[in-house]
Amino acid sequence: MLVLGIESSCDETGVALVTMVPGDAKPTLLAQALHSQVQMHQAYGGVVPELASRDHIKRLLPLVRETMAQAKKTLQDVDVVAYTKGPGLAGALLVGAGAGCALAMALDKPTLGVHHLEGHLLSPFLGDATPSFPFVALLVSGGHTQLMRVEAVGQYTLMGETVDDAAGEAFDKSAKLLGLDYPGGAALSRLATLGDAKAFALPRPLLHDGTLDFSFAGLKTAVMTQWRKVGAHASEQDRANMAASTQAAIVEVLVAKSLAALRHSGFKRLVVAGGVGANAPLRTQLDAQCAKLQATVYYPPLALCSDNGAMIAAAAAMRIASGVEVPQKNYAFDVRPRWPLAEGAAIAT
Ligand code: KG4
Ligand code: ZN
């Protein structure tokens, strides 16, 4: 089964082709092409939705051609066209859904609308070391911070999530304060390597509240207040120190809550996915702490941490292969800009 995946929920246009034999545990990535709009949005300090949609329109079909050429396949070889149905920016999602359904209709092939977070959650199955079910998943992207109990493909329970800003947002907003370009998570992390994480005392929100929820809005305000105190005379070392202190605060909370979720579930496997999952100290600390619990941490290949078409194609292939979903020749597409992946369960740890 050959699945073409299209991702266009935010500021990356991603296309990929995966193959999966029903009965196999994991899909195989054959080819992928990606265009990041980050440079275009940098001038505005954040994603401009209308510009994002227009750029997706421009990039999508050339990326489809590039992917097919890389895989040495023709569009007729494709069995299913999958696209991100939500959550994300409405206009951006419509581009991927519209193009995907038009393509499928022209080819007389079925389509499948995929949940963006399910794509992230299942993306480690595209790596070498793949988890088996069940596991706990930490989803940390620019828009989401969630802990999920994953029993099988399509069986997800929300264990906890952010009550305000996402971890990625906390990285990005703090980075912006320090004068780093959008999206500043990776740049803040690089700057942090030169700084002292104890230089600024920042809060660890909800660390001991006994739930698996997160809150990062207060941390952002604390960074802002303390940075103002340093004032206009801040040195390069001050900037690095603030970057290190901010990163340490975010990472400490993410690690502590992930461990609590593992203990609560009794599972010995943790999957980390989403852009913030590329963060080096987060990975180091999770690996070390989980090893103490005899638990293993699984990550997607580094290149697949941020948004891409491969995770959408993979999630579709896994849903179909496991019988959770039958793709339909339904070309009356819709998108769901707001779409919870799973219902929540109140959890005390
Ligand atoms: O999953 P993603 O690519 O897009 C969304 O679906 O949101 O995540 C993007 C987020 C941004 O907030 C970005 O700053 C953050 O991931 N990010 C990082 C790192 N690389 C990307 N945050 C911390 N450290 C990194 N190395
Ligand atoms: Zn994402």
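Each ligand, and each atom within it, is numbered from 1 in the order the structure gives. What you see is a predicted model; the values in this text were computed from it and never measured.
Proximity to Ser306 (heavy-atom distance under 4.0 Å) selects the following atoms of ligand 1: 3 (O). Near Gly142, the atoms of ligand 1 lying under 4.0 angstrom from a non-hydrogen atom of the residue are 5 (C), 7 (O), 8 (O), 9 (C), 10 (C), 12 (O). Annotation for ligand 1: atoms under 4.0 Å from non-hydrogen atoms of Gly143 are 7 (O). Heavy-atom proximity to Gly168, at under 4.0 Å, picks out these atoms of ligand 1: 12 (O).
Of all the listed residues (Gly275, Cys305, Gly185, Ala187), Gly275 holds the heavy atom that lies closest to atom 20 (N) of ligand 1. In this comparison of Val47, Asp172, Asn279, the heavy atom closest to atom 24 (N) of ligand 1 sits on Asn279.
In this structure the side chain of Met311 reaches within 4.5 angstrom of the side chain of His116, judged on heavy atoms.
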For the pair Asp209 and Leu207, evaluate side chain to side chain contact (heavy atoms under 4.5 Å, CB included) and give the outcome as yes or no after the intermediate values. CA-CA 6 Å; Asp209 75 329; Leu207 187 58; over 6 Å; no
Ring pair (Phe, Tyr, Trp, His ring centres under 6.0 Å) between Phe133 and Phe135, intermediate numbers included: CA-CA 5 Å; Phe133 295 103; Phe135 55 79; 5.3 Å; yes
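Side-chain polar atoms of Gln32 and Thr67 form no donor-acceptor pair below 3.5 angstrom. A donor atom on one side chain and an acceptor atom on the other are not found under 3.5 Å apart for Asp287 and Thr284.
Residue-to-ligand polar distances keep Glu169 apart from ligand 1: every N/O pair is separated by 3.5 Å or more. Residue Gly274 places no N or O, backbone or side chain, under 3.5 Å from any N or O of ligand 1. Annotation: Gly184 places no N or O atom under 3.5 Å from an N or O atom of ligand 1; distance criterion only. Checked against a 3.5 angstrom limit, the closest N/O atoms of His120 and ligand 1 fall inside it. Annotation: Asp307 places an N or O atom under 3.5 Å from an N or O atom of ligand 1; distance criterion only.
Linking ILVMFWY residues whenever their side-chain heavy atoms come closer than 4.5 Å, directly or via other members, places Leu2 and Val15 in the same cluster. Linking Ile, Leu, Val, Met, Phe, Trp and Tyr whenever their side-chain heavy atoms come within less than 4.5 Å puts Leu178 and Val223 in one cluster. Note on Leu254: it clusters hydrophobically with Val136, by side-chain heavy-atom contacts below 4.5 Å among ILVMFWY residues.
At least one N, O or S atom of His120, from either the backbone or the side chain, sits less than 2.8 Å from the Zn ion (ligand 2). For the Zn ion (ligand 2), the set of nearby N, O or S atoms under 2.8 Å includes none belonging to Cys10.
One finds no salt bridge joining Lys109 and Asp79 here, because no Lys/Arg side-chain nitrogen approaches an Asp/Glu carboxylate oxygen to under 4.0 Å. Using a 4.0 Å cut-off between charged side-chain N and carboxylate O, Glu169 and Lys220 make no salt bridge.
Note on Asp307: its N/O/S atom closest to the Zn ion (ligand 2) is OD1.
When non-hydrogen atoms are compared, ligand 1 lies under 4.0 Å from the side chain of His116 (C-beta onward) but not from its backbone.
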